[in-house]
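Comments concern the structure below.
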Amino acid sequence: MRYRENASVDTSSVRDMRGGGGRLGGGRGLAVGGGGVGLVGLVVIVLFQLIGGGGGTGAALGGLAGLGQGEQVDNSQLRASCRDGGDANASVDCAVAADIESIQDFWSGELGGRYRPAETVYFSGSVQTGCGGATSGSGPFYCPADQLVYIDLSFFDELRQKFGAEGGLFVNAYVIAHEYGHHVQNLLGTNQQVNPGETGPTSGTVRLELQADCYAGAWANHAETVPDDSGAPLIAEISQDDVSRALDTAGRIGDDFIQKNLGNGTVNQDAFTHGSSEQRRTWFTTGYQGGSVDGCDTFATDDLG
Ligand SMILES: [Zn+2]
């Protein structure tokens, strides 16, 4: 994937909370949750991850004492270093900011006034959210309570090292687009049709996840044409190799793959939360080839692939 060299990149949808300077700046970081230990237990935790099962979610969510310190937003470095598409081609931090912009431009076009932009929090290690405390072990996720996407960008290394994925800028974009798919579901009320704890291969939980994969594919179909604020697309090219890499990743974050390779070795369909590897590939492909949001109605079919 290549970004258009001269396209200007807007980092205003990113809240950089990775620390490392600027501790006096920002101050918006603790708007949610209040940061109090003990509060976490009172929050009903419903959030939407990229991965489920026994894989990257070992140290998922819970009462993490001491969270909240140093959680200031400091976007100055990101803003200074991510100015254009050339920066996005050279830096993952900037590329993800550009992805977010392209993805939200797409959804604004699709949904018009029904779409409300959501910000993404870059964090490092652990973070306090409207859905409780989280660590990097949760993988990237969307929290409906505060309508924010959260990601520790080191997850992209984990995808390659732990999951064996090929990786690449477009794989990263697929991950982000999946999480924004959950934001769209939240705006449209789709997630409210589903019982949060439900699992299994045809469960509402799995249908939501597969729809988020399909939405990511639908964005990718339009990514080279969707205009940014200047009227030109931010993304210059998505290659066949990029798409193959995304499908490779989709196959490695399926419940069966994770259970087999990163869990206890046996596949238990009843515990599925995100769909099988094949289902995830299928629904990403459905979105990517069709380019239609309506084609992503995973609730309207008995054939989930
Ligand atoms: Zn998800």
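When a ligand or atom number is given, it counts from 1 through the structure's own listing order.
With 2.8 Å as the limit, His274 does not count as an N, O or S neighbour of the Zn ion (ligand 1). Distances from the Zn ion (ligand 1) show that Gln49 has an N/O/S atom below 2.8 Å.
For Glu110, the CD atom is densely surrounded, since the number of other residues' heavy atoms within 6.0 Å is greater than 12.
Residue His178 approaches the Zn ion (ligand 1) most closely through its N/O/S atom NE2. Glu209 contributes OE1 as its N, O or S atom closest to the Zn ion (ligand 1).
The existence of a salt bridge linking Asp157 and Arg160 is confirmed by a sub-4.0 Å separation between a basic side-chain nitrogen and an acidic carboxylate oxygen.
A distance-only check finds a donor-acceptor pair linking the side chain of Ser244 to the backbone of Gln240 [under 3.5 Å]. Not a single donor-acceptor pair under 3.5 Å links the side chain of Asp228 to the backbone N or O of Asp105.
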